[in-house]
Every structure is written in C-alpha cells, then in structure tokens.
There are 2 protein chains.
Amino acid sequence: MVDPTPFLDALARAGLRLTAPRRALAQLIADQAGHFSAADLVAESQARSLGIGRATIFRTLDALSGLGVVERIDLPSGEHAYVGCAPTHHHHVVCSRCGRTAQIDDAGLRTVVREVAQRTGYRVDEHKLELFGLCPACLPAAPFPLQRPA
Amino acid sequence: MVDPTPFLDALARAGLRLTAPRRALAQLIADQAGHFSAADLVAESQARSLGIGRATIFRTLDALSGLGVVERIDLPSGEHAYVGCAPTHHHHVVCSRCGRTAQIDDAGLRTVVREVAQRTGYRVDEHKLELFGLCPACLPAAPFPLQRPA
DNA sequence: GCCATACTGAGACTCAGTCGCATCACGCCC
DNA sequence: GGGCGTGATGCGACTGAGTCTCAGTATGGC
Ligand SMILES: [Zn+2]
Ligand SMILES: [Zn+2]
Ligand SMILES: [Zn+2]
Ligand SMILES: [Zn+2]
C-alpha cells in the first residue's frame with residue numbers, strides 16, 4: 001500500500017489522461033514488493049476484480065516505462081519483469097529470492113564504459129547493467145552462492 | 001563461412017553426440033556475422049533445406065549456451081538474440097546497426113560490483129553488462145548518437 | 001455541460017518457446 | 001565392419017506473452 005502518486009504525476013506531466021484503469025494500475029504497481037511481470041498484474045487485477053483488460057495493462061506498462069518510472073529488467077531466466085523506480089539513470093541489484101531491487105547510480109561504470117569504447121573502437125550510446133544476488137534480508141536464509149561472484 | 005569447430009569441440013568435450021543437425025547448426029551459427037535469433041536459424045535452415053526441426057534448433061541453442069560457447073543477449077527492444085563467443089566470463093558491446101559484437105573482459109567491472117555490494121548490502125552472485133552503440137565500421141554511416149552516452 | 005479525442009475492453013491473432021512421443025542414428029564395444 | 005543402448009531428432013500440439021483492431025467510453029479543456 002505504497003504511494004502511487006509518482007506514477008500518476010509522471011503520466012500527468014506527460015499530458016496523458018488519468019483514467020480509472022491507470023489509477024488502479026498505479027496503485028497495484030506501487031503495492032508490489034519486488035519485481036513483477038505483466039502477468040502478475042493481470043492476475044492481481046482479476047483477483048481484485050478491477051475489470052482492467054489485458055491490453056490496457058501492457059499499454060500502461062509501456063507508457064510508464066517510456067516515462068522512466070517503471071523499468072523492464074531481464075531476469076537471468078529470460079523472463080521479463082518490471083520494477084517501479086526513479087526516472088533517472090541508474091541500475092538495479094535484484095534479489096534472486098524475494099525479487100526486491102535496490103537502485104544504484106553510476107557506481108564507477110562511466111569509467112568502464114569509456115574504457116570499453118576506447119578498447120573496442122565502438123561508440124557506446126547505451127548500456128545496461130543488472131546485478132543479481134541476495135538482499136540483506138534474504139542472505140541469512142541461503143548460505144551458498146549460486147555461482148562464484150565475478 | 002567461418003570455422004564451426006569450436007562449437008563441435010565444446011559439444012564433444014561435454015560428451016554430447018555430434019549429430020548431423022548439430023554439425024549443420026554449428027556451421028550456420030559460425031556463419032552469422034552479428035547476433036542472431038532462433039528464428040533466424042529456423043529461417044536459414046529452411047532456406048538451405050537442411051530439414052532441421054524447430055525444436056532441435058532451440059535444444060541446440062540451449063546446449064551451446066549451457067556450454068558457454070553461445071550466449072544469449074537481451075536486446076533493448078526486448079528480443080532475445082544469441083552470439084557465438086568464448087566460454088570465459090566476459091561481456092558484449094553490440095552494434096545497434098549491424099549486430100556485430102565485440103567481447104570485453106572485466107574492464108574494471110569487478111570494482112563496480114564490489115562497491116555496489118558494499119553500498120547496498122546485497123551479496124552479488126551474478127551480473128550482466130551489455131553495451132550498445134555503433135561499431136567502427138558503422139560509425140561513419142550514422143552521425144548522431146541515439147541517446148547521450150551515460 | 002459539450003465535444004474532440006485519448007483511452008478502454010474484448011477477443012482474435014501472432015509468434016517464441018516447450019513438451020511428449022514414436023523413430024532414428026551416433027558411437028561404443030566387440 | 002556390424003549390433004545395440006541410449007541420446008537425439010522431428011513432428012505436431014500446446015502454452016503463454018505480447019499485439020492489433022475496432023467499436024464504444026469517459027477525460028479534461030473549453
Ligand atoms: Zn530502474
Ligand atoms: Zn531478498
Ligand atoms: Zn559472450
Ligand atoms: Zn556495426
């Protein structure tokens with residue numbers, strides 16, 4: 001039951017209409033603890049009998065991610081998931097157990113990108129960094145790393 | 001018409017059989033200039049009348065990526081693509097125009113990962129970094145960056 | 001309150017990827 | 001150089017994500 005206003009504000013600021021389905025979805029998204037999939041929203045919307053069409057859920061996710069307040073992450077499994085987040089450049093650490101994410105800013109990546117550009121001769125326009133592991137809350141539950149950190 | 005033996009070697013080393021479809025696919029993959037999708041292979045296999053089933057293509061890609069000689073990359077568009085590559089830890093710079101990729105090793109990312117872990121309290125087990133831009137060959141053709149480098 | 005128009009829901013559709021199963025053929029052993 | 005066990009194949013049906021169309025609805029500027 002977190003605050004959905006950032007999502008609504010973003011929509012309003014972009015000149016998009018604040019319709020009932022969008023309000024409901026903003027709330028639904030704000031309520032998510034970790035990352036969530038479009039299917040999750042469909043299921044919950046049905047569970048809560050919100051009467052929101054599947055297409056609208058996809059369209060709203062598109063709109064919100066276009067505005068940068070929701071971001072798509074590519075799970076190692078190949079699935080797509082979303083997280084609500086701030087519309088500034090950043091990356092995510094994703095907990096493989098509970099799905100909760102933390103935002104991280106540049107964290108020294110700028111240097112890495114510059115070095116890569118220099119070494120490869122590519123002009124790098126865009127980059128994506130995702131980190132997976134266990135959040136502080138889940139750490140005690142799982143003693144061994146899945147893979148050696150690298 | 002590049003050399004398909006690295007793929008075949010990897011299969012053999014893993015105790016997998018070198019069947020006709022796998023040989024054909026190894027060649028097909030070796031022939032790819034940039035990244036390719038499962039659908040690309042299906043199409044080319046049909047074009048060359050290789051008679052390879054769709055399922056086999058997916059299964060072979062799974063096997064090869066399990067062995068690390070092929071890697072799945074998540075394009076910004078959300079599509080999945082594959083690239084043949086060395087079975088060591090590395091990342092890719094992907095040309096948004098021609099799809100050609102360059103491998104890059106750690107490139108200072110280790111430090112970034114460590115810093116992120118420290119700042120967030122997460123234990124980071126796995127990470128994925130992908131860079132997108134233009135390769136040296138495509139650079140002259142496209143004067144403006146799609147987005148400000150960040 | 002009216003109206004242009006952005007948005008919506010329903011449902012059909014496409015396309016990636018999976019699965020089960022009968023058949024095949026690789027490659028080890030002789 | 002054959003047999004044979006078993007891993008691999010192809011087919012075709014299936015699932016599930018995401019898209020599209022279109023007629024109808026409701027937002028928000030005026
Ligand atoms: Zn984000
Ligand atoms: Zn967790
Ligand atoms: Zn690779
Ligand atoms: Zn290029």
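The structure presented is a predicted model; accordingly, all values stated were derived computationally and were not measured. Chain letters run A, B, ... following the sequence lines, proteins first, then strands; residues in each count from 1.
Note: CG (B/Leu18) to C1' (C/dG27) measures 10 Å, nearest angstrom. Taking atom CG of B/Leu11 as the reference point, atom P of C/dG27 lies 10 Å away to the nearest angstrom. The separation between B/Arg22 atom CZ and C/dA25 atom C1' is 12 Å, rounded to whole Å. Following rounding to the nearest Å, A/Arg59 (CZ) and C/dT8 (C1') show an atom-to-atom distance of 6 Å. Per the geometry, CG belonging to B/Leu25 stands 8 Å off P belonging to D/dT9, to the nearest Å. Between the CD atom of A/Gln46 and the C1' atom of D/dG16 there is a distance of 14 Å, rounded to whole Å. Spacing between atom CD1 of A/Ile57 and atom P of D/dT19 amounts to 13 Å, rounded to whole angstrom units. Spacing between atom CG of A/Leu50 and atom C1' of C/dG9 amounts to 14 Å, rounded to whole angstrom units.
Closest approach to the B/Ala55 side chain among D/dG12, D/dC20, D/dT9 is made by D/dG12 (side chain taken as heavy atoms from C-beta onward).
At least one side-chain heavy atom of B/Leu61 sits less than 4.5 Å from a side-chain heavy atom of B/Ile29.
Along DNA chain D, the nucleotide nearest to B/Gly53 and the one nearest to A/Ser37 differ in position, and the one closer to the 5' end is contacted by B/Gly53. Where B/Leu16 and B/Asp62 meet DNA chain C, the nucleotide closest to each residue was compared, and B/Asp62 sits on the side nearer the 5' end. If B/Gly51 and B/Arg54 are placed on DNA chain D by their nearest nucleotide, the residue sitting closer to the 5' end is B/Gly51.
With hydrogens and angles ignored, the 3.5 Å screen pairs no side-chain donor or acceptor of B/Thr101 with any backbone N or O of B/Val93. Within the 3.5 Å criterion, the main-chain N or O of A/Ser37 finds a donor-acceptor partner in the side chain of A/Asp40.
Checked by distance alone, B/Arg17 brings no side-chain donor or acceptor within 3.5 Å of a matching partner on the base of D/dA8.
Look at A/Thr19 and you'll find a side-chain N or O under 4.0 angstrom from OP1 or OP2 of C/dT8.
Classified by interplanar angle (parallel below 30°, tilted 30° to 60°, perpendicular above 60°), the ring pair B/His89/B/His127 is perpendicular.
Taking a cutoff of 4.0 Å between a charged side-chain nitrogen and a carboxylate oxygen, A/Arg48 and A/Asp31 qualify as a salt bridge.
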